[in-house]
Q: 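Okay, here's the structure, questions in a sec.
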Amino acid sequence: MKILVCISHVPDTTSKINFSDNNTKFDPTGVQFVINPNDEFGLTRAMWFKEKQGAQVTVANVGGADTEPTLRKALAIGADEAIRVNMPATDGFSVAKQLANVVKDGGYDLVIAGRESIDYNGGMVPGMIAGLIGANFVNNCIGLEVDGTSAKAVREIDGGKESVSTSLPLVIGGQKGLVEESDLRIPNMRGIMMARKKPLTVIEPVAVSSETSSVAFEKPAPKGAVTLVSPDNLDELVNLLHNEAKVI
């Protein structure tokens with residue numbers, strides 16, 4: 001079985017985020033980047049298939065050379081090879097189009113992607129890949145077993161879980177629960193050294209137009225922000241508080 005794991009290169013959630021050019025561009029200065037958490041659950045599940053069923057695991061992403069350390073980490077975790085599509089990840093459709101082309105060229109049986117990335121939270125790439133390659137699709141996947149060309153998956157739905165049976169080729173949008181957090185792997189020294197020798201292939205993108213673009217960014221209000229009360233509405237505020245106290 002050939003597995004492709006789609007890897008997003010995202011800011012660590014502890015990073016301080018800033019924007020430049022009048023809040024129209026994300027500023028990566030000083031930001032630590034990591035494997036998208038939903039993708040990391042998928043990569044860990046792929047490693048299980050490699051170890052138990054002899055699957056071949058490839059990781060791929062769409063991005064510039066700055067994303068290669070993230071791909072190298074995935075190789076250190078145990079993936080066999082990596083592919084980087086040499087273009088900025090500008091919007092969900094263009095990313096899905098590039099990854100769908102990788103899938104078609106590689107003849108993969110199973111495509112594992114995170115249900116969404118934690119930076120833009122678009123949640124559209126896995127489903128678009130499935131549509132573009134004509135494969136079955138299971139989103140919000142929290143369990144997956146494969147036997148030959150058949151697969152059984154569990155997905156999270158409102159108020160519970162749903163078990164489904166399907167067949168390969170298959171695309172899943174994985175999330176927390178696909179494996180336990182305790183099963184996530186930290187690269188060891190041997191894995192890091194081996195990753196240096198594993199192939200990381202850079203391919204040029206296919207022609208595709210971006211369907212959406214970011215116009216501007218805005219930070220959320222700081223936690224604990226205090227709204228100042230002007231003298232003009234101070235009496236009104238006192239009356240409201242007084243009346244509320246009476247009700248209580």
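No hydrogens, no waters, no symmetry mates; every other heavy atom, side chains included, goes into these values.
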Q: Are side-chain heavy atoms of Met1 and Leu168 found at a separation under 4.5 Å?
A: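 Contact flag for Met1/Leu168 side chains = yes.
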Q: Between Leu71 and Leu200, is there a side-chain heavy-atom distance shorter than 4.5 Å?
A: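 Contact flag for Leu200/Leu71 side chains = yes.
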Q: Please answer: with hydrophobic residues joined when any side-chain heavy atoms are less than 4.5 Å apart, are Met47 and Ile172 in the same cluster?
A: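 Yes.
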Q: Please check: side-chain N/O of Arg115 versus main-chain N/O of Gly123, any donor-acceptor pairing under 3.5 Å?
A: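 Absent.
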Q: In the single-linkage hydrophobic clustering (I, L, V, M, F, W, Y; side-chain heavy atoms under 4.5 Å), do Val62 and Val103 co-cluster?
A: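 Same cluster.
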Q: Tell me, with the steps shown, if Val34 and Thr70 meet side chain to side chain contact (heavy atoms under 4.5 Å, CB included).
A: CA-CA 6 Å; Val34 297; Thr70 297; over 6 Å; no
Q: Would you check if Val102 and Val85 make a side-chain contact, meaning some heavy-atom pair closer than 4.5 Å?
A: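 Touching, per the 4.5 Å side-chain cut-off.
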Q: Going hydrophobic residue to hydrophobic residue with side-chain gaps under 4.5 angstrom, can you get from Trp48 over to Val57?
A: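 Yes, Trp48 connects to Val57 through the hydrophobic network.
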Q: Establish, from distance only, whether the side-chain atoms of Gln175 and Asn38 form a donor-acceptor pair under 3.5 Å.
A: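 No.
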Q: With a 4.0 Å cut-off, would you call Asp183 and Arg45 a salt bridge?
A: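 So Asp183 does not pair with Arg45 through a salt bridge.
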Q: Tell me if a side-chain donor or acceptor on Asn36 pairs with a main-chain N or O of Ile118 at a distance below 3.5 Å.
A: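 Yes, the answer is positive, given that a donor and an acceptor are paired below the 3.5 Å cut-off.
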Q: Nearest 0.5 Å, please: how far is CD1 in Ile83 from CG in Asp105?
A: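 If I round to the nearest 0.5 Å, the distance is 8.5 Å.
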Q: Under the salt bridge (charged side-chain N to carboxylate O under 4.0 Å, His left out) criterion, do Lys152 and Asp147 qualify, and how do the steps go?
A: CA-CA 8 Å; Lys152 293 183 178 180; Asp147 183 8; over 6 Å; no
Q: Is Glu162 salt-bridged to Arg155, going by a charged N under 4.0 Å from an acidic O?
A: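 So Glu162 pairs with Arg155 through a salt bridge.
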Q: When rounded to the nearest 0.5 angstrom, what distance separates CD in Glu145 from OG in Ser163?
A: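 OG of Ser163 is found 11.0 Å from CD of Glu145.
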Q: In Å, rounded to the nearest 0.5 Å, how long is the span from CG of Asn139 to CD of Glu156?
A: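 These two atoms lie 10.5 Å from each other.
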Q: Hey, does Ser15 have a side-chain heavy atom less than 4.5 Å from the side chain of Phe33?
A: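 They are not in contact (no side-chain heavy atoms under 4.5 Å apart), so the answer is no.
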Q: Side chain of Gln98, backbone of Ala89: donor and acceptor closer than 3.5 Å?
A: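 Side chain of Gln98 to backbone of Ala89: no pair is present.
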Q: Quick one, Phe26 and Ser20 - any side-chain contact, counting heavy atoms below 4.5 Å?
A: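 No, too far: nothing below the 4.5 Å cut-off.
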Q: Scan side-chain atoms only and decide if Asn61 and Thr67 contain a donor-acceptor pair under the 3.5 Å cut-off.
A: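 Short answer, yes.
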Q: Evaluate the criterion side chain to side chain contact (heavy atoms under 4.5 Å, CB included) for residue pair Ile157 and Asn140; output intermediate values, then yes/no.
A: CA-CA 8 Å; Ile157 60 175; Asn140 302 327; over 6 Å; no
Q: Do Thr24 and Asn22 pair up side chain to side chain, a donor and an acceptor below 3.5 Å, judged on atom types alone?
A: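 Looking only at side-chain atoms, Asn22 and Thr24 do not form any donor-acceptor pair under 3.5 Å.
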Q: Evaluate the side-chain proximity of Thr58 to Tyr108: yes if any heavy-atom separation is below 4.5 Å, no if none is.
A: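 SC-SC contact between Tyr108 and Thr58 confirmed.
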Q: Without swapping roles, check the side chain of Asn121 against the backbone of Ser117 for a donor-acceptor pair under 3.5 Å.
A: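 Yes; at least one donor-acceptor contact below 3.5 Å.
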Q: For Phe49 and Ile3, work out which heavy atoms get closest and say how close.
A: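 That closest heavy-atom pairing would be CB-CD1, 3.7 Å.
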Q: Start with the C-alpha distance between Lys25 and Phe19, add both sets of side-chain angles, then the distance that settles side chain to side chain contact (heavy atoms under 4.5 Å, CB included), and finish with yes or no.
A: CA-CA 6 Å; Lys25 293 182 180 180; Phe19 304 107; over 6 Å; no
Q: Restricting to salt bridge (charged side-chain N to carboxylate O under 4.0 Å, His left out), what partner residues turn up for Lys176, sequence neighbours left out?
A: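 For Lys176 the salt bridge (charged side-chain N to carboxylate O under 4.0 Å, His left out) partners, ignoring immediate neighbours, are Glu181.
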Q: According to salt bridge (charged side-chain N to carboxylate O under 4.0 Å, His left out), does anything in residues 61-71 pair up with another residue at least two apart or in another chain? List the pairs.
A: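 Matches after skipping sequence neighbours: Glu68-Arg84.
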Q: Mind checking whether Asn18 and Lys219 have side chains closer than 4.5 Å, heavy atoms only?
A: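 Heavy-atom side-chain distance check passes, below 4.5 Å.
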Q: Give a yes or no on whether Leu110 and Leu43 share a hydrophobic cluster (residues Ile, Leu, Val, Met, Phe, Trp, Tyr; joining criterion: side-chain heavy atoms under 4.5 Å apart).
A: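 In one cluster: yes.
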Q: Using the ring of each side chain (for Trp, its six-membered ring), is Tyr120 parallel, tilted or perpendicular to Phe217, with breaks at 30° and 60°?
A: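 The arrangement is tilted - the two ring planes meet at 30° to 60°.
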Q: Do you know which two heavy atoms are closest between Asp39 and Cys6, and how far apart they sit?
A: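 So the two residues come closest at CG-O, 3.3 Å.
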Q: Please tell me if the side chains of Pro11 and Val31 come closer than 4.5 Å, counting only heavy atoms from C-beta onward.
A: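 Yes - at least one pair of side-chain heavy atoms lies under 4.5 Å apart.
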Q: Does Lys73 reach the main-chain N or O of Ile35 with its side chain, forming a donor-acceptor pair under 3.5 Å?
A: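 Answer holds: no.
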Q: Minimum heavy-atom separation for Leu178 and Phe41, please, with both atom names.
A: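 Answer, listing the atom of Leu178 first, then Phe41: CD2-O, 4.1 Å.
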Q: Suppose the criterion is salt bridge (charged side-chain N to carboxylate O under 4.0 Å, His left out): which pairs have a residue in residues 51-63, not counting sequence neighbours?
A: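 Only Glu51-Arg185 qualify under salt bridge (charged side-chain N to carboxylate O under 4.0 Å, His left out).
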Q: Looking at every heavy atom in both Leu170 and Ala151, which two are closest together, and how far apart are they?
A: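 Heavy atoms only, the tightest pair is CD2-CB, 3.9 Å.
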Q: Does one hydrophobic cluster hold both Val95 and Val171, with members joined at side-chain heavy-atom distances below 4.5 Å?
A: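 Yes, one cluster joins them.
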Q: Quick check against the 3.5 Å criterion: does Lys198 have a side-chain atom that pairs as donor or acceptor with the backbone of Ala82?
A: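 Side chain of Lys198 to backbone of Ala82, a donor-acceptor pair under 3.5 Å: no, none is there.
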Q: In Å and rounded to the nearest 0.5 Å, what is the OG to CG distance from Ser8 to Asp119?
A: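 Separation between the atoms: 6.5 Å.
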Q: Is there a side chain to side chain contact (heavy atoms under 4.5 Å, CB included) between Asn136 and Val138 once you walk through the steps?
A: CA-CA 7 Å; Asn136 295 319; Val138 178; over 6 Å; no
Q: So, taking the atom named CG in Leu99 and the one named NZ in Lys104, what distance separates them when rounded to the nearest 0.5 Å?
A: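 It comes to 12.0 Å.
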Q: What is the minimum heavy-atom distance between Gly143 and Cys141, and which atoms define it?
A: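 What the structure gives for the nearest pair is O-SG, 3.2 Å.
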Q: At what distance, to the nearest 0.5 angstrom, does CD1 of Ile77 lie from OG1 of Thr44?
A: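 The CD1 atom of Ile77 sits 6.5 Å away from the OG1 atom of Thr44.
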Q: Might you work through the side-chain hydrogen bond (donor to acceptor under 3.5 Å, both in side chains) test for Asn86 and Glu204, ending with a clear yes or no?
A: CA-CA 5 Å; Asn86 189 31; Glu204 293 305 311; 3.3 Å; yes
Q: On a heavy-atom basis, which atom in Met87 and which in Ser94 lie closest, and how many Å separate them?
A: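 Minimum heavy-atom contact is CE-OG, 4.1 Å.
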Q: Tell me whether the count of non-hydrogen atoms from other residues, nucleotides or ligands lying under 6.0 Å of CD1 in Ile186 goes above 12.
A: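 Result for CD1/Ile186: open.
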